[in-house]
Amino acid sequence: MGHPPGTVFEIHDEAILGRAPTADVRIEDSFASSSHARIFPRGGSMYIEDMGSTNGTYLNERQLQAVEQLQPDDTIRIGETEYRYEE
């Protein structure tokens, strides 16, 4: 929603995903919170965490309960919007 399928977002440092105009990756999805999730590097890997969103962040169809390391081809779902993590 809002981005054509296949749109690539390069994340080198921290990135906030959400509906806010200030979000690094803006999500035009009514189920997304303003600052919904954060992707960030730690020790050479990338991690994702939910930022207290109302509807939750899903990694491979499991709702995030804590920070999790991202792996290639992981699917991130926020509302009805899906992203695939690639390195």
Determine, using the 4.5 Å side-chain heavy-atom cutoff (strictly less than), whether [X] and [Y] are members of one ILVMFWY cluster.
X     : Y     : answer
Leu17 : Tyr85 : yes
Phe9  : Ile76 : yes
Ile39 : Val25 : yes

Indicate yes or no for a side-chain donor-acceptor contact from [X] to the backbone of [Y] under 3.5 Å, with no hydrogens or angles considered.
X     : Y     : result
Asn60 : Thr75 : yes
His12 : Pro41 : no
Asn55 : Gly79 : no
Arg62 : Leu64 : no
Thr57 : Asp50 : no

If you look at every heavy atom in [X] and [Y], which pair is closest and at what distance?
X     : Y     : result
Ile27 : Ala32 : CG2-CB, 3.9 Å
Arg26 : Tyr83 : O-OH, 4.4 Å
Phe31 : Glu80 : CE1-OE2, 3.6 Å
Ser34 : Ala23 : O-CB, 4.5 Å
Ala37 : Ile78 : CB-CD1, 4.1 Å
Glu14 : Asp24 : O-OD2, 4.0 Å

Check your understanding: Taking it one step at a time, do Arg84 and Glu82 satisfy salt bridge (Lys or Arg N to Asp or Glu O under 4.0 Å)?
Key -> CA-CA 7 Å; Arg84 186 178 66 216; Glu82 287 190 354; over 6 Å; no
Practice item. Any chance you could measure Gln71, atom CD, to Leu59, atom CG, to the nearest 0.5 Å? Key: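 Separation between the atoms: 9.0 Å.
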Would you say the side chain of [Y] lies within less than 4.5 Å of the side chain of [X], judging by non-hydrogen atoms?
X     : Y     : answer
Met51 : His36 : no
Pro72 : Glu87 : yes
Tyr47 : Arg38 : no
Met46 : Gln69 : no

Point to revise | Carboxylate-amine/guanidinium contact Arg19 Glu28, below 4.0 Å | key: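 The answer is no: the pair does not qualify as a salt bridge.
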